[in-house]
Peer 1: 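Questions regarding the structure given below will be posed in turn.
Indexing begins at 1, ligand by ligand and atom by atom, following the structure's order.
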Amino acid sequence: MNMFHNELAQAIEHKLLSMGTTGFWIVLLCTFTITSTSLGASSNNRDISAKYVSGDNPDEAEGFEFLQTYDKRASQECYLSVLSNWAYATNLTEENKQNLLERSLVYAEFQKEAWKNATSFAWKQFKNPSTRRLFKFLSILGTAALPTEKLKELNEISASMEDTYSTSKICPYSLQVVITDESENLDDDKSSSEEENCTLSLEPDITRILKKSQNYDELAYVWKAWRDSSGKKIRKRYERFVELSNDAARLNGFADMGEMWRESYESDTFLEDLENLWKQLLPLYENLHAYVRRKLISKYGNDKIRPDGPIPAHLLGNMWAQDWAGVQEFTEPYPGKPSLDVTPQMVEQNMTALDMFNISEEFFSSLGLKEMPPPFWEHSVIEKPTDREIVCHASAWDFCNGKDYRIKQCTDITMQDLITVHHEMGHIEYYLQYADQPSLFREGANPGFHEAVGDVLALSVSTPKHLKAISLLNEIADDPEGDINYLYSIALDKISFLPFGYLMDLWRWGIFSGNTSVEEMNTKWWELRLKYQGVCPPVKRTEEDFDPGAKYHIPGNTPYIRYFVSFVIQFQFHKALCEAAGHEGPLYKCDIYQSKEAGKLLSQVLQLGSSKPWTEAMKIMTGGKTNKMDAAPIIEYFDPLIQWLKEQNKNYTLGWTSNDPTICP
Ligand code: KAW
Ligand code: ZN
């Protein structure tokens, strides 16, 4: 959650209560040398539409005092704001929405006031680098820069899009069959039965169908029904949302909202770096794609899938084809070995959501990291309530008071959700580690860092040895074939995700910049889906549809490139932590469980928050080896699998072609 992201900015600022925090300010104070020398002329008419606005007050000591006062107020305002957000997200009522909208306006007033005061200082000439960085963060106002009417409209659209997405339901396929068969004379019955039975929600019902069903037509039905009931309904609102977001970005001195989002990476070469990473990773993806495509042709027939064509997007076990774990069972390299999906064991053991959270916490504390504090256990929502509508998409919350941290997750008893629990707890661990920083630094080194923490631990948790140690696997196949099966199962989570993680924001950046016009939003989406993922839609898509809106982060307005970044850097982190833990042998076998050395290194990096540019954090993590994103560790991790896949694919086509991205050939 970065500082420009209005709904979430609140969740990253906290109250300054602890001794440690006071310590930060003392250190900052002591590093003052000479203050108050005015360097050069500065103007009085501060322009809100310039980037990183500053004024002409050269008094650094006064600036420092202002920051201290700001921090206390910000934490209090933030607490109230997050509270109203939480109340709405965990109970989607009209009343809670109105409270949230009111609170958001109050919070925006506070932010505007703070911005006005902060930008009266000639902070760019301040001596202390941390002070300068705090002012730099404060000098970008975000959506609060909008005039009140527009801000209100933007907030209302945001809340209503999230509401539509989160409460969207579809009818079961069985009912669909009945309706079409009998529709001629049963028209009246249809509508009443529809209302009674059309109660399937994304989590858990639709997710389970996508993963379990191997009926081509049922999958196509569910795939389309979800898009009709979510994305399609959001399209008009999203168009207005883009206009208002861009208005806000321009008021902050950015060309558009995409540019403003990218600013959290503090890099001039971000776009090129991403493209280079993708180029290095493409061979891994192409080989996985070609192999899985062949297995799907065996299952569904060559009338449905061409050997050199894209894969129909509904056959990969996931609503967005973003991870392919759902096809593991019938595509495994060496069938007949103990399955690496431990879901059946979890169910057999009557495991609860709470058990899953306890397993995760135990891993964090085995590294010497912080445990979840008591309010976490008291207030988190870890099961889907049956008496009200909530936003089921998982999230991790910081209430800005140094005490209250919560997760909201409609946990299903599956291995995939066990991984998600670790992912979310990684966010909380980051919050706990940087709790002593001033509120403006209580963020990830960059958003990708925040997404990577829990995933890094999950890479260890998923190893067969670890799963056996925690009694989730009875036997392990400790041989080369078992290793390939294992790496394949991880590749279905990680390699399959990469193009989706990349294209989501390529699409959004195009919309925000205007390079993609509103008349071609959906077509452009499918061009990117074809180009990067090599998937195609099972039913014709048009500009009546709005398929990006069927993915949470679009109506939820959460930037997505962070996940692509995370999936690359988490392997850099994994390698570094494994070295710290004294691991020897292939990277994919490493389990950092109980390594206090690994825990110490990780906590050093997390404690920095965003007080330094992420390149510094990366340097610390890698022991000085690099300060960049680097695809080498993920490539090293999967190397045995890549060699195996290349051998399997040697007589077959890699890649895909299609004349029309809006329908499967
Ligand atoms: C993924 C990530 C890890 C492992 C497997 C995965 N498969 C797919 C993903 C990417 C992505 C997805 O589901 O498409 N994952 C998530 O959305 C997990 C949810 C989240 O933890 O990232 C959550 C998203 C969110 C953001 C803002 C409001 C509501 C939900 N992010 C956070 O809770 C969060 C917390 C602190 C800082 C930054 C983000
Ligand atoms: Zn996350």
Side-chain angles (χ1 to χ4, degrees), residues 1-14 82 85-86 88-90 158-159 161-162 165-166 202-203 207 264 317-326 380 390-400 405-411 414-434 442-459 461-462 490 492-505 548 550-570 606 609-610:
M1 306 197 180
N2 70 58
M3 65 170 171
F4 307 126
H5 192 226
N6 69 332
E7 296 271 317
L8 308 171
Q10 299 128 6
I12 47 125
E13 295 170 30
H14 333 214
V82 175
N85 259 303
W86 173 268
Y88 181 57
T90 57
S158 300
M161 289 195 300
E162 177 147 33
Y165 181 92
S166 298
L202 182 63
E203 296 185 47
T207 304
S264 31
N318 174 279
M319 182 54 86
W320 309 274
Q322 70 179 54
D323 79 63
W324 301 355
S380 288
I390 77 166
V391 176
C392 260
H393 195 91
S395 50
W397 300 57
D398 180 342
F399 285 71
C400 322
Y405 304 92
R406 306 179 194 176
I407 285 174
K408 173 179 63 57
Q409 185 180 344
C410 298
T411 316
T414 63
M415 179 164 180
Q416 205 148 29
D417 268 22
L418 181 63
I419 304 298
T420 305
V421 170
H422 286 77
H423 174 89
E424 298 306 329
M425 214 173 259
H427 286 308
I428 305 280
E429 187 66 35
Y430 216 147
Y431 291 148
L432 295 169
Q433 291 290 334
Y434 60 50
R442 283 179 227 151
E443 281 186 80
N446 73 35
F449 274 62
H450 229 300
E451 297 305 334
V453 178
D455 287 19
V456 172
L457 273 65
L459 284 176
V461 174
S462 309
I490 304 299
L492 289 179
D493 284 334
K494 303 290 181 185
I495 302 296
S496 62
F497 179 78
L498 294 166
F500 186 76
Y502 189 28
L503 75 81
M504 275 276 283
D505 278 354
K551 172 70 192 169
Y552 173 76
H553 301 67
I554 303 295
N557 191 27
T558 303
Y560 210 81
I561 198 65
R562 56 184 58 184
Y563 301 108
F564 179 78
V565 170
S566 162
F567 275 52
V568 172
I569 65 176
Q570 64 187 245
L606 302 188
S610 61

Peer 1: Going by the order shown, which atoms of ligand 1 are within less than 4.0 Å of some heavy atom of Q322?
Peer 2: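 Ligand 1 atoms under the 4.0 Å threshold to Q322: 7 (N), 8 (C), 12 (C), 13 (O), 14 (O).
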Peer 1: Taking the six-membered ring for Trp, are F399 and Y405 closer than 6.0 Å centroid to centroid?
Peer 2: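 Ring-ring flag for F399/Y405: false, centres at least 6.0 Å apart.
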Peer 1: N/O to N/O below 3.5 Å, does that happen between K551 and ligand 1?
Peer 2: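 Yes; the residue has a nitrogen or oxygen that sits under 3.5 Å from a nitrogen or oxygen of the ligand.
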Peer 1: Where on Y430 is there a heavy atom closer than 4.0 Å to ligand 1, on the side chain, on the backbone, on both, or on neither?
Peer 2: neither
Peer 1: Is it true that a side-chain atom of W320 and a backbone atom of A550 form a donor plus acceptor pair closer than 3.5 Å?
Peer 2: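 Flag set: sc W320 to bb A550 pair under 3.5 Å.
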Peer 1: Could you please spell out the steps behind the side chain to side chain contact (heavy atoms under 4.5 Å, CB included) verdict for D417 and Q409?
Peer 2: CA-CA 9 Å; D417 268 22; Q409 185 180 344; 3.9 Å; yes
Peer 1: Taking S566 for the side chain and R562 for the main chain, is one N or O donor matched with an acceptor at less than 3.5 Å?
Peer 2: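 No, because the side chain of S566 does not come within donor-acceptor range (under 3.5 Å) of the backbone of R562.
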Peer 1: What about the rings of F449 and Y430, do their centers lie closer together than 6.0 Å?
Peer 2: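 No, the ring centres sit 6.0 Å or more apart.
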Peer 1: Can you list the protein N, O or S atoms less than 2.8 Å from the Zn ion (ligand 2)?
Peer 2: H423 NE2, H427 NE2, E451 OE1
Peer 1: So, does H553 sit close enough to ligand 1 that a heavy atom of it is under 4.0 Å from the ligand?
Peer 2: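 Within the 4.0 Å threshold, so yes.
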Peer 1: Which of the numbered atoms in ligand 1 are below 4.0 angstrom from a heavy atom of S395?
Peer 2: 29 (C), 30 (C), 33 (O)
Peer 1: Does a side-chain N-to-carboxylate-O contact under 4.0 Å join K494 and D455?
Peer 2: yes
Peer 1: So is W320 close enough to ligand 1, meaning a heavy atom under 4.0 angstrom away?
Peer 2: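 For ligand 1, residue contact (heavy atoms, under 4.0 Å) with W320 is absent.
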Peer 1: Does ligand 1 come near enough to D455 that some N or O of the ligand is less than 3.5 Å from an N or O of the residue?
Peer 2: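 Checking ligand 1 against D455, no N or O pair falls under 3.5 Å apart.
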Peer 1: If we only count N/O pairs under 3.5 Å, is I419 in contact with ligand 1?
Peer 2: no
Peer 1: Would you check the N or O atoms of H427, main chain and side chain alike, for any that come under 3.5 Å of an N or O of ligand 1?
Peer 2: yes
Peer 1: So for ligand 1, is D323 a polar contact partner (N or O within less than 3.5 Å, distance only)?
Peer 2: no
Peer 1: Measuring from atom 12 (C) of ligand 1, which candidate in Y563, Y552, Y560 has the nearest non-hydrogen atom?
Peer 2: Y560
Peer 1: How far apart are the C-alpha atoms of F497 and F564, what are their side-chain angles, what is the distance that settles it, and do they pass the ring pair (Phe, Tyr, Trp, His ring centres under 6.0 Å) test?
Peer 2: CA-CA 8 Å; F497 179 78; F564 179 78; 8.4 Å; no
Peer 1: Between Y563 and F567, is the ring centre distance below 6.0 Å?
Peer 2: no
Peer 1: Please check if the side chain of Y165 supplies one atom and the backbone of Y552 the other of a donor-acceptor pair under 3.5 Å.
Peer 2: yes
Peer 1: Grab the two heavy atoms, one from P559 and one from N557, that are nearest each other, plus how far apart they are.
Peer 2: CD-O, 3.8 Å
Peer 1: Passes side chain to side chain contact (heavy atoms under 4.5 Å, CB included), H427 versus V453? Steps please.
Peer 2: CA-CA 7 Å; H427 286 308; V453 178; over 6 Å; no
Peer 1: Provide the closest heavy-atom pair for I419 versus S462 in the form atom of the first, atom of the second, distance.
Peer 2: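 Minimum heavy-atom separation between I419 and S462: CD1-OG, 3.5 Å.
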Peer 1: For H393 and E203, does a side-chain donor sit closer than 3.5 Å to a side-chain acceptor?
Peer 2: no
Peer 1: Give the atoms of ligand 1, by number and element, whose distance to some non-hydrogen atom of H450 is under 4.0 Å.
Peer 2: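 Going through ligand 1 atom by atom, the ones under 4.0 Å from H450 are 36 (C), 37 (C).
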Peer 1: Would one find an N or O of H393, backbone or side chain, under 3.5 Å from an N or O of ligand 1?
Peer 2: yes
Peer 1: Looking only at distances, please establish whether an N/O atom of ligand 1 is found under 3.5 Å from an N/O atom of E451.
Peer 2: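 It does: an N or O of E451 is found under 3.5 Å from an N or O of ligand 1.
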Peer 1: Under 3.5 Å, is there a donor-acceptor pair linking the side chains of D323 and Q416?
Peer 2: yes
Peer 1: With heavy atoms of Y431 as the reference, note each atom of ligand 1 found under 4.0 Å away.
Peer 2: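 Once the distances to Y431 are compared, the set is 35 (C), 36 (C), 37 (C).
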Peer 1: Mind checking whether A394 contacts ligand 1 via backbone (N, CA, C, O), side chain (CB onward), both or neither, at a 4.0 Å heavy-atom cut-off?
Peer 2: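 Near ligand 1, A394 shows its backbone, while the atoms from C-beta on stay back.
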Peer 1: Just go through E424, K408, Q409 and tell me whose heavy atom is the nearest to atom 19 (C) of ligand 1.
Peer 2: E424
